[in-house]
Amino acid sequence: MSSSSTTTTTTRLLMLKASDGVTFEVEEAVATKLGAINNMVEEEGSEDLICLPNVNGKFLGMVLEWCKKHANNNTNSDKGNDEVNKWWDKEFVMDLDQNTLYHLLMAADYLSGTELVDLLTEKVASMIRGKKVEEIRETFKIKSDFLPGQEEEIRKKNSWAFE
Amino acid sequence: MARRILRMRMMDVEDLLSELPEEVIHHIMYSLPTLEATRMSVLSKRFFSMWRSLPVIDFDLDQLRSHYSAKDLIDFVVRSLERRRNYGVLQRLRVSSVRGYDDNDDKSLLIKDMLESVINFAIRNKTEELDLDYSTTRKPFYLLPMPIKSLLFSSKCLKSLRLGNIYFGGHYNLILTCPLIEDLKLRRCIGLKSIEITSAAQLIRAVNFTDCASLESIRIEPHSSLQSFTCKCSGHEYYHVSCDTNFNLASLESLKHLHLVSVNITDEWLDYHVSRFVGLESLVLEDCRKIKNILITGENNKSLRKFVFRCRTTPSDANVRIAAPSIEHLRIDDDGYPAKLNISGCKSTLRSLCLTLCTVNDEWIRKNLSGFRSLEKFRFRGRSVKVPLFEKAKHKLYFDSLKELDLGSELLLSSELEIEAPNLESITYTPFRGIDADSAPLRLICPNLTDARLSLQRFGKNLDDPVLHKILIELLRSFGHCKTCSLFVYPPILDKFQFSEHERKTLIPPLYEVKHLIVSSSSISPKDVPWLVDTSLWLVPHPETVSFKLHENNHNMITEIKKRKIVYLVAPPFLLNVGDIVYLKLHGRTWMTA
């Protein structure tokens with residue numbers, strides 16, 4: 001195993017600095033799973049420290065954990081690994097509370113981590129699926145701000161969806 | 001500290017979903033079915049506005065049908081579109097109804113109006129993907145008006161266009177010039193005379209024409225970027241297809257996939273074109289009856305990996321010679337007599353081979369079924385062969401890399417057969433003609449075989465039970481060292497599996513090392529239950545699980561299993577587990593017994 005790694009070129013390390021000053025040292029191949037970082041690396045090239053003022057260290061750490069998993073498994077792409085990845089993703093989103101889910105989604109969206117956004121939006125969708133309007137409001141603490149009668153009017157126009 | 005607690009409390013009541021950016025909310029909405037996305041519209045004003053601007057509109061009319069009468073449904077679609085906020089770019093608009101309702105004439109006008117407003121809406125809103133298919137039990141009666149046609153086929157925004165069940169008015173020449181279009185699919189579109197894809201449609205990647213009657217010619221400008229070309233004619237009564245379409249696909253060097261079904265191309269066409277498709281990776285020809293000679297040498301098709309030739313209804317009588325060394329997947333289904341098939345030229349690289357041939361002979365088997373170095377998957381079927389009764393052939397087949405084998409060819413199965421495949425993992429064995437007194441033994445030299453599936457349909461009529469049992473046990477013994485064994489038994493011969501007590505005492509159980517046995521039969525009557533359980537446990541003396549797959553629930557089966565203290569079942573299918581805990585699960589209920 002070690003003999004094969006000597007033949008590959010040495011991987012470049014990037015420093016990512018979160019809004020709260022926490023820094024992460026990650027391999028370029030891992031960080032470039034995120035579209036935004038990929039663009040920065042391609043444009044600036046030489047810069048090794050990347051500041052991310054919109055992402056908190058806690059969530060950046062989680063995003064990078066996800067990237068690491070998916071970057072590693074990309075190198076040897078067989079079906080077994082695909083399955084492993086799916087399981088890993090499932091575990092990753094399983095017990096996320098809404099606060100973490102929100103911040104992760106914001107971070108993933110900001111960093112253009114398309115696959116991670118897909119995974120997280122699917123998690124949100126799974127929390128909505130099969131629920132009645134009132135139940136969705138309760139789950140996400142959404143307050144209706146419609147004027148009296150407005151909501152009924154919309155419901156009436158799409159009555160098929162509310163039976 | 002106090003501030004932190006306050007902040008945490010605030011978070012607890014905060015509505016974070018509404019805080020997400022619009023694009024993320026849209027993403028969530030279109031990963032939900034239309035019905036649930038629509039429900040989200042009444043959550044709050046913000047969600048209503050985001051729902052209205054959702055760049056995806058998907059009307060699954062089959063689903064909406066249960067909520068609306070046909071007239072209201074049409075009305076609903078038209079009004080929904082009117083209410084939409086003008087978004088700028090609409091990613092996808094789909095209106096589909098595939099079930100084919102019997103709409104009478106007074107509704108046809110309404111449907112015409114609806115389809116027209118959908119297309120107009122799509123054009124006005126710069127739609128990127130349009131998918132429109134309203135099927136009826138009659139001929140497509142929606143006539144695409146002239147101005148719409150020219151707008152649609154020259155749209156500057158369309159990336160994907162799928163139309164189904166549309167009448168083009170007869171003798172229409174479709175000229176596609178959309179600069180961004182990548183994918184064009186026409187299904188059951190009638191009244192089209194010709195299709196031309198011009199060089200203006202420079203991004204076109206895939207075209208698919210299915211059941212487009214009266215199509216006389218298809219022309220694709222040379223040097224286009226087309227990668228996939230499919231033309232299928234199924235010959236549905238309303239769409240009666242003249243298969244004599246003239247394809248002009250010259251110098252399509254980009255083409256990777258060519259799939260033709262029931263198209264009357266000739267040997268000359270095939271020769272001329274295939275050698276020019278230098279990038280071709282897969283070639284599928286089904287029911288192309290004019291073809292009499294196929295020769296694939298691979299001289300010009302260095303990347304051809306997959307070749308399929310199927311003639312399902314009547315034999316083709318074609319000479320097929322495949323000698324392209326790049327081919328990895330080969331499938332030939334042809335009942336022709338005699339099989340004029342030669343695959344010896346691609347033996348070294350072939351990874352999967354699927355043959356349904358009825359009329360090969362022993363000599364053919366000897367010539368063609370040897371020397372496969374990389375073959376991993378092999379399926380060989382064919383049933384109505386004339387076997388010379390006076391002389392039984394012997395075949396010894398060797399496969400280096402084979403992992404999956406599916407045998408159902410009568411010729412091969414009635415020969416004395418020895419298969420050596422050191423890497424074989426699973427085998428499926430289906431003797432269509434049945435097992436007879438003169439059934440030849442099967443010798444398997446496959447030390448890594450773990451999974452065996454046997455399908456038994458009939459036994460010789462004049463066979464008395466002891467003789468039949470001997471043959472049957474001999475056959476089962478070939479699979480005795482597998483881990484899992486599945487038996488599919490056709491109900492009329494199920495009772496032949498009743499082994500007498502004497503037999504069970506004197507014979508060695510054939511499936512001695514099997515850990516998991518699965519018995520399937522479409523119906524098992526209550527009276528058969530006791531002996532079937534006995535037989536199973538005799539055949540497989542040391543099971544971890546024994547399963548019975550039945551189509552319906554069988555109470556007697558459960559009683560019987562309970563009586564024997566064999567224990568664990570899920571129905572259907574039943575799973576019988578010899579273990580400590582006992583529980584029965586039936587229709588979702590769980591019964592625990594000691």
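Computed from a predicted model, the values in this text were never measured in an experiment. Note: hydrogens, waters and symmetry copies are ignored here, and every other heavy atom, side chains too, is used. Residue numbering restarts at 1 for every chain, and letters A, B, ... go by the order of the sequence lines.
Of all the listed residues (A/I136, A/I128, A/V117, A/L147), the one sharing the greatest number of non-hydrogen pairs under 4.5 Å with chain B is A/I128. Heavy-atom pairs under 4.5 Å with chain A were tallied for B/L20, B/L43, B/L35; the largest tally goes to B/L43. The greatest number of non-hydrogen atom pairs below 4.5 Å with chain B, out of A/E134, A/E151, A/Q98, A/R129, is found for A/R129.
Both the backbone and the side chain of B/S41 come within contact range of chain A, with heavy atoms under 4.5 Å apart. Contact annotation for B/E23: only side-chain heavy atoms (C-beta onward) come within less than 4.5 Å of a heavy atom of chain A. Only the side chain of A/D109 comes within contact range of chain B, with at least one heavy atom under 4.5 Å from a heavy atom of that chain. Looking at B/M40, only its side chain comes within 4.5 Å of chain A, counting heavy atoms on both sides. Of the two parts of A/D97, neither the backbone nor the side chain holds a non-hydrogen atom closer than 4.5 Å to a non-hydrogen atom of chain B.
Taking a 6.0 Å sphere around NZ of B/K515, one finds it holds more than 12 heavy atoms contributed by other residues, nucleotides or ligands. Dense packing is recorded around NZ of A/K131, with more than 12 heavy atoms of other residues, nucleotides or ligands lying under 6.0 Å away. Under a cut-off of 6.0 angstrom, the local environment of CZ in A/R155 is crowded, with over 12 non-hydrogen atoms contributed by other residues, nucleotides or ligands. Counted within 6.0 Å of CD on A/E138, heavy atoms from surrounding residues, nucleotides or ligands total 12 or fewer; the atom is thus considered open.
A/F146 and B/K45 get closest at one heavy-atom pair: CZ-N, 3.7 Å. Summarising the geometry of B/E36 relative to A/G130, their closest heavy-atom pair is OE1-N, 2.9 Å, with the distance given to 0.1 Å. What you find for A/I142 and B/F47 is that their closest heavy atoms are CD1-CE1, 3.8 Å. Of all the heavy atoms in B/P21 and A/M106, the pair that sits closest is CD-SD, 3.5 Å. Taking both residues in full, the closest heavy atoms of B/D15 and A/K141 are given as CB-O, 3.1 Å, listed atom of the first, atom of the second, then distance.
Here the CE atom belonging to A/M127 is positioned 8.5 Å from the CG atom belonging to B/L17, to the nearest 0.5 angstrom. Here the CD1-NZ distance, from B/I28 to A/K123, works out to 12.5 Å after rounding to the nearest 0.5 Å. Between the CZ atom of B/R52 and the CD1 atom of A/I154 there is a distance of 9.0 Å, given to the nearest 0.5 Å. Rounded to the nearest 0.5 angstrom, B/R39 CZ and A/E135 CD are separated by 9.5 Å. In this structure, CG on B/L16 lies 10.0 Å from CZ on A/F140, to the nearest 0.5 angstrom.
Listed by chain and residue number, nothing satisfies the salt bridge (Lys or Arg N to Asp or Glu O under 4.0 Å) test with B/D113 (two or more places apart in sequence, or in another chain). By the ring pair (Phe, Tyr, Trp, His ring centres under 6.0 Å) test, B/H27 is found to be paired with B/Y30, residues two or more places apart in sequence or in another chain being considered.
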